[in-house]
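Remember, predicted model here, so these are calculated numbers, not experimental data. The figures here come from the full heavy-atom set of this structure, side chains too, leaving out hydrogens, waters and symmetry mates.
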Amino acid sequence: MPSPAPEDDARYLADYYERARQVMRDLQAARAAIGQVEGRAQSKDGLVEAVATGHGELTGLRLDPRALRLGEAALSREVTAVLRAAQDDAERRAKEIADKVAGAATLPEPLDESFVRDRVEQVARDLL
């Protein structure tokens, strides 16, 4: 990225600062949105349902009384699969939010050392 002209430095820095503030606001909004995510899943027969947050925490499990007829091993497999599916759903939704903000949360490339060198040389020329 070319350095701004010396007379544009103040505007460039103000724009950069405002862009950084916008990125932070967008990231905070995404964090809040991820906190509201609910991933849901249920077994094929609808006897087991689970809910998970965007952070992967399990917040709900519902077992239809008929699910108890499955037997211990089958019920355990079914519950485990539904819990994982709810977490996967929540993770997918959270990732969509994060990917959206990550694509927009970019700052201009930082100015490199040549920027400072150019300014020092400009000041030296102006003084001579």
Side-chain angles (χ1 to χ4, degrees):
M1 163 186 218
S3 298
E7 60 273 9
D8 297 329
D9 285 353
R11 179 80 252 151
Y12 176 85
L13 292 174
D15 290 346
Y16 195 95
Y17 176 72
E18 183 51 40
R19 180 68 186 132
R21 288 177 50 97
Q22 183 61 51
V23 166
M24 292 305 297
R25 286 190 296 269
D26 292 347
L27 291 171
Q28 290 168 342
R31 183 177 182 188
I34 288 170
Q36 299 298 312
V37 165
E38 278 192 343
R40 297 180 171 274
Q42 69 177 18
S43 60
K44 291 177 186 174
D45 56 14
L47 298 178
V48 180
E49 295 179 8
V51 180
T53 70
H55 299 290
E57 299 170 13
L58 298 167
T59 59
L61 176 64
R62 186 194 66 77
L63 299 174
D64 185 293
R66 294 174 292 166
L68 300 176
R69 296 183 196 144
L70 294 173
E72 184 180 339
L75 180 58
S76 176
R77 282 191 303 274
E78 198 68 28
V79 167
T80 300
V82 171
L83 292 174
R84 284 187 182 146
Q87 288 176 315
D88 290 347
D89 183 48
E91 180 182 4
R92 180 188 55 77
R93 293 170 187 253
K95 186 175 181 334
E96 287 173 0
I97 293 168
D99 288 348
K100 183 178 177 182
V101 76
T106 57
L107 294 173
E109 287 295 318
L111 297 171
D112 60 16
E113 72 279 353
S114 66
F115 171 77
V116 174
R117 186 179 329 110
D118 291 346
R119 290 303 180 267
V120 169
E121 289 172 359
Q122 180 68 43
V123 169
R125 283 192 300 273
D126 290 348
L127 291 173
L128 298 176

Practice task
Evaluate the criterion salt bridge (Lys or Arg N to Asp or Glu O under 4.0 Å) for residue pair D15 and R19; output intermediate values, then yes/no.
Solution key: CA-CA 6 Å; D15 290 346; R19 180 68 186 132; over 6 Å; no
Exercise for the section: Answer yes or no: does atom CD of Q36 have more than 12 heavy-atom neighbours from other residues, nucleotides or ligands under 6.0 Å? Expected result: no
Exercise for the section: Over all heavy atoms of both residues, which pair between A86 and A50 is shortest? Give the atoms and the distance, please. Expected result: CB-O, 3.7 Å
Problem - Whichever hydrophobic residues join V37 through chains of side-chain contacts under 4.5 Å - result: I34, I97
Practice task
Taking all non-hydrogen atoms of both residues into account, name the closest pair between E78 and V48 and its distance.
Solution key: CG-CG2, 4.0 Å
Fill in the blank from the handout: Smallest heavy-atom separation, G54 atom then A94 atom, equals O-CB, 3.7 Å
Practice task
Check whether any side-chain heavy atom of D64 lies under 4.5 Å from a side-chain heavy atom of R62, and answer yes or no.
Solution key: yes
Practice task
Identify whether V51 and L83 are in the same connected component of the hydrophobic contact network (ILVMFWY, side-chain heavy atoms under 4.5 Å).
Solution key: no
Handout entry: Selection residues 88-101 - residue pairs positive for side chain to side chain donor-acceptor pair (under 3.5 Å), sequence neighbours left out
Key = D89-R92, D89-R93, R92-E96, K95-D99
Exercise for the section: State whether the number of non-hydrogen atoms from other residues, nucleotides or ligands found under 6.0 Å of E72 atom CD is greater than 12. Expected result: no
Handout entry: Polar side chain donor-acceptor pair, Q28 to R31, under 3.5 angstrom
Key = no
Completion exercise
Output for pair (L127 CG, Q122 CD), nearest 0.5 Å, gives 10.0 Å
Fill in the blank from the handout: So NE2 of H55 and CD of Q87: to nearest 0.5 Å the spacing works out to 13.5 Å
Exercise for the section: Establish whether L58 and L61 are linked, either directly or via other cluster members, by ILVMFWY side-chain heavy-atom contacts under 4.5 Å. Expected result: yes
Practice task
State, without any angle test, whether Q22 and R25 hold a side-chain donor-acceptor pair at a distance under 3.5 Å.
Solution key: yes
Problem - ILVMFWY network linking V120 to Y12, side-chain heavy atoms under 4.5 angstrom - result: yes
Exercise for the section: Count the heavy atoms of every other residue, nucleotide or ligand shown that sit under 6.0 Å from CZ of R66, and state whether that count exceeds 12. Expected result: no
Practice task
Treat each ILVMFWY residue as a node, draw an edge where side-chain heavy atoms are under 4.5 Å apart, and state whether L70 and V82 are in one component.
Solution key: yes
